[in-house]
Number of protein chains: 2
Amino acid sequence: MDKDLEKLKEEFIINFGWAYKAFGLSKLMGHIVALLIYSPRPLSLDEITQALKRSKGPVSQITRRLRDKNLIRRVWQPTSRKDYYEIEPEVFENAFRNNLELVRNNLRIAKTFKQRVADVGGDDVNALDTRLSEMQKFYELMDKKYKEFLDEWEVERENLEKNRINI
Amino acid sequence: MDKDLEKLKEEFIINFGWAYKAFGLSKLMGHIVALLIYSPRPLSLDEITQALKRSKGPVSQITRRLRDKNLIRRVWQPTSRKDYYEIEPEVFENAFRNNLELVRNNLRIAKTFKQRVADVGGDDVNALDTRLSEMQKFYELMDKKYKEFLDEWEVERENLEKNRINI
DNA sequence: TGGAACGTTTGAAAAAAATCAAACGTTAAC
DNA sequence: GTTAACGTTTGATTTTTTTCAAACGTTCCA
């Protein structure tokens, strides 16, 4: 029984590792996030290290990066002077926001080059200009939709919150 | 003058490489996509190889992967029996669709584990169940918004097309 | 047929990234 | 002060990924 849950946890962690990798982040980041999602209480660095069978070095580094990205947070317990980590309540939302930054970067690239190509001018430039315009439009719409999504999610999240309290 | 455009192209290619990497793909994929966006005409494998200063092996492999992902397409010229490659007109849209697949995978993970955790049951499971529910809702909304975006983009793309013809 | 022009596959080499163990610095308890 | 309990940094090591050069297979043309 506990054995099953343990097995599930392991799979969950592995899955998250691959997912994180697919999104351009490190597998270990995914593992830690998954572990903390799974855990009902904050975990110390040593506990994470043990659970994932890693050494302290990389875990320390990655927890820092995860905090920088607002995916986990550090908390303290009154009884111990260890650092504990828990999942950021808005992990998914924050991960999404990080992604939005990449989208905006693409938008910047399109804009910048469109301008610079226009400045330089030349013969074969028309087709390129069209493509860059399209790229710009694409990422502008994407940006807009991403923001809409975040707004809607805020509403939905509040509803979830309410229902949870009412039960 | 041409020198400037050449310089720009190089920067554009490098930028795309990093962007692709940030999204979990290989830099070379980004380079090839950027090169073909930039080029007013289809390029042969050799031309790509030369332009990017790579050897044929990896370029051949990556062009295949890019075709599998519908980001570039292979075309033929009447005069030559070489393979030529050009950018897929809907690169951005297709790249987005590929990303949507990853989102759906996350949704599947959430659903699967929610179900399995419920089946196993146990004590510490409530908090976890709440989190997985939230994860599921998040990715469901994301899926919905992604689809909306694609629909809107289709409309906008048609408009761009029309305007281009009318000029 | 034979050979030249291709693209693809493959095994090895190089480069990059992840990981570790140990040294280090800091803080808190005694 | 001294020591023990931490987290962090660092340089080396391992693993993974990227890249290459060469062999290979196919097609087309002489």
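Worth saying up front: this structure is predicted, and the values here are computed from it rather than measured. Just so we're on the same page: letters track the sequence lines, and every chain starts at 1.
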For [X] and [N], give me the distance from atom [atom1] to atom [atom2], rounded to whole Å.
X     : N      : atom1 : atom2 : value
B/D68 : C/dT8  : CG    : P     : 11 Å
A/I32 : D/dG7  : CD1   : C1'   : 14 Å
A/W76 : D/dC6  : CH2   : C1'   : 13 Å
B/I48 : D/dC20 : CD1   : C1'   : 18 Å
A/L66 : D/dT8  : CG    : P     : 13 Å
B/R74 : C/dC6  : CZ    : P     : 15 Å

Worksheet item: Which of these, B/I109, B/D143, B/N99, sits in a side chain to side chain contact (heavy atoms under 4.5 Å, CB included) with B/R104?
Response: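 Running side chain to side chain contact (heavy atoms under 4.5 Å, CB included) over B/I109, B/D143, B/N99 with B/R104 returns exactly one hit, B/D143.
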
Response to the item:
Sequence neighbours excluded, the answer for side chain to side chain contact (heavy atoms under 4.5 Å, CB included) partners of A/N98 is A/K69, A/L71

Item to complete: Return the residues of residues 80-87 of chain A meeting this criterion: a heavy atom under 4.0 Å from some atom of DNA chain D. Order them by number, or give none.
Response: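 Going residue by residue through residues 80-87 of chain A, the ones with a heavy atom under 4.0 Å of DNA chain D turn out to be A/R81, A/K82, A/D83.
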
Worksheet entry | Residue pair B/Q115 / B/D119, side-chain donor-acceptor N/O under 3.5 Å | yes

Worksheet item: Under 3.5 Å, is there a donor-acceptor pair linking the side chains of A/Y139 and A/Y146?
Response: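 No, no side-chain donor-acceptor contact under 3.5 Å.
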
Fill in: From CZ (B/R54) to CG (B/L45), nearest 0.5 Å
13.5 Å

Worksheet item: How many angstroms lie between atom CG of B/N15 and atom CZ of B/F12, to the nearest 0.5 angstrom?
Response: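 Going from the CG atom of B/N15 to the CZ atom of B/F12 covers 8.0 Å.
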
Discussion item. For the backbone of B/E90 and the side chain of B/E93, can you confirm whether one donor and one acceptor N or O come within less than 3.5 Å of each other?
Written reply: no

Worksheet item: Between A/T63 (side chain) and A/V59 (backbone), is there a donor-acceptor pair under 3.5 Å?
Response: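 Yes; judged by distance alone, with no hydrogens or angles, the pair exists.
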
Worksheet item: Can you give one letter per nucleotide of nucleotides 14-25 of chain C, going 5' to 3': B for a protein heavy atom under 4.0 Å from the base, S for sugar-phosphate only, - for none?
Response: ---SSSBB----

